[in-house]
Amino acid sequence: GWYVEPEYRRQGVGRALVEASERWGRDQGCTEFGSDALIENDVSAAAHAALGFVETAQIRCFKKNL
């Protein structure tokens, strides 16, 4: 995953992070890059789409205190 502080968004920071990660991944022999965002986070969904990510699923996460 990746995250950009709000004051640095829309300045190419996220793209630079993702592109550097993609280069590193390819160098390691990786063939996919996974990321996630909360279902209601439309800003993140738009950023992912702009960088070429394709949404594959939406999930609900659960926890139980012990």
Side-chain angles (χ1 to χ4, degrees):
W2 51 286
Y3 177 81
V4 177
E5 293 285 345
E7 64 267 24
Y8 299 107
R9 293 177 184 165
R10 304 196 59 80
Q11 298 178 38
V13 174
R15 182 174 296 280
L17 286 170
V18 169
E19 288 175 352
S21 298
E22 289 172 344
R23 282 191 300 276
W24 180 87
R26 283 189 204 96
D27 289 346
Q28 305 308 307
C30 298
T31 59
E32 290 183 332
F33 183 175
S35 189
D36 57 67
L38 295 174
I39 290 173
E40 67 272 9
N41 191 338
D42 295 330
V43 171
S44 182
H48 279 83
L51 294 172
F53 285 87
V54 177
E55 188 170 329
T56 59
Q58 291 188 356
I59 65 168
R60 296 171 73 179
C61 298
F62 300 88
K63 75 173 193 170
K64 181 178 180 180
N65 291 328
L66 301 177

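Atoms considered below: every heavy atom in the structure, side chains included; atoms not considered: hydrogens, waters and symmetry mates.
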Inspect the surroundings of CD in E32 and state if more than 12 heavy atoms from other residues, nucleotides or ligands are less than 6.0 Å away. no
Got a sec, which pairs hit side chain to side chain donor-acceptor pair (under 3.5 Å) with one end in residues 14-23, sequence neighbours left out? none
Going by side chain to side chain donor-acceptor pair (under 3.5 Å), name the pairs with one or both residues in residues 50-66, residues two or more places apart or in two chains. E55-Q58
To the nearest 0.5 Å, what is the distance between OH on Y8 and OH on Y3? 11.5 Å
Between W24 and L17, is there shared hydrophobic-cluster membership here, with clusters defined by ILVMFWY side-chain heavy atoms closer than 4.5 Å? no
Hphob cluster co-occupancy, L51 + V13, side-chain heavy atoms under 4.5 angstrom: yes
For E40, check side chain to side chain donor-acceptor pair (under 3.5 Å) against everything at least two apart and list the hits. none
Would you call the rings of W2 and F53 parallel, tilted or perpendicular, taking 30° and 60° as the class edges? parallel
Might you point out which heavy atoms bring I59 and I39 nearest each other, and give the distance in Å? O-CD1, 3.4 Å
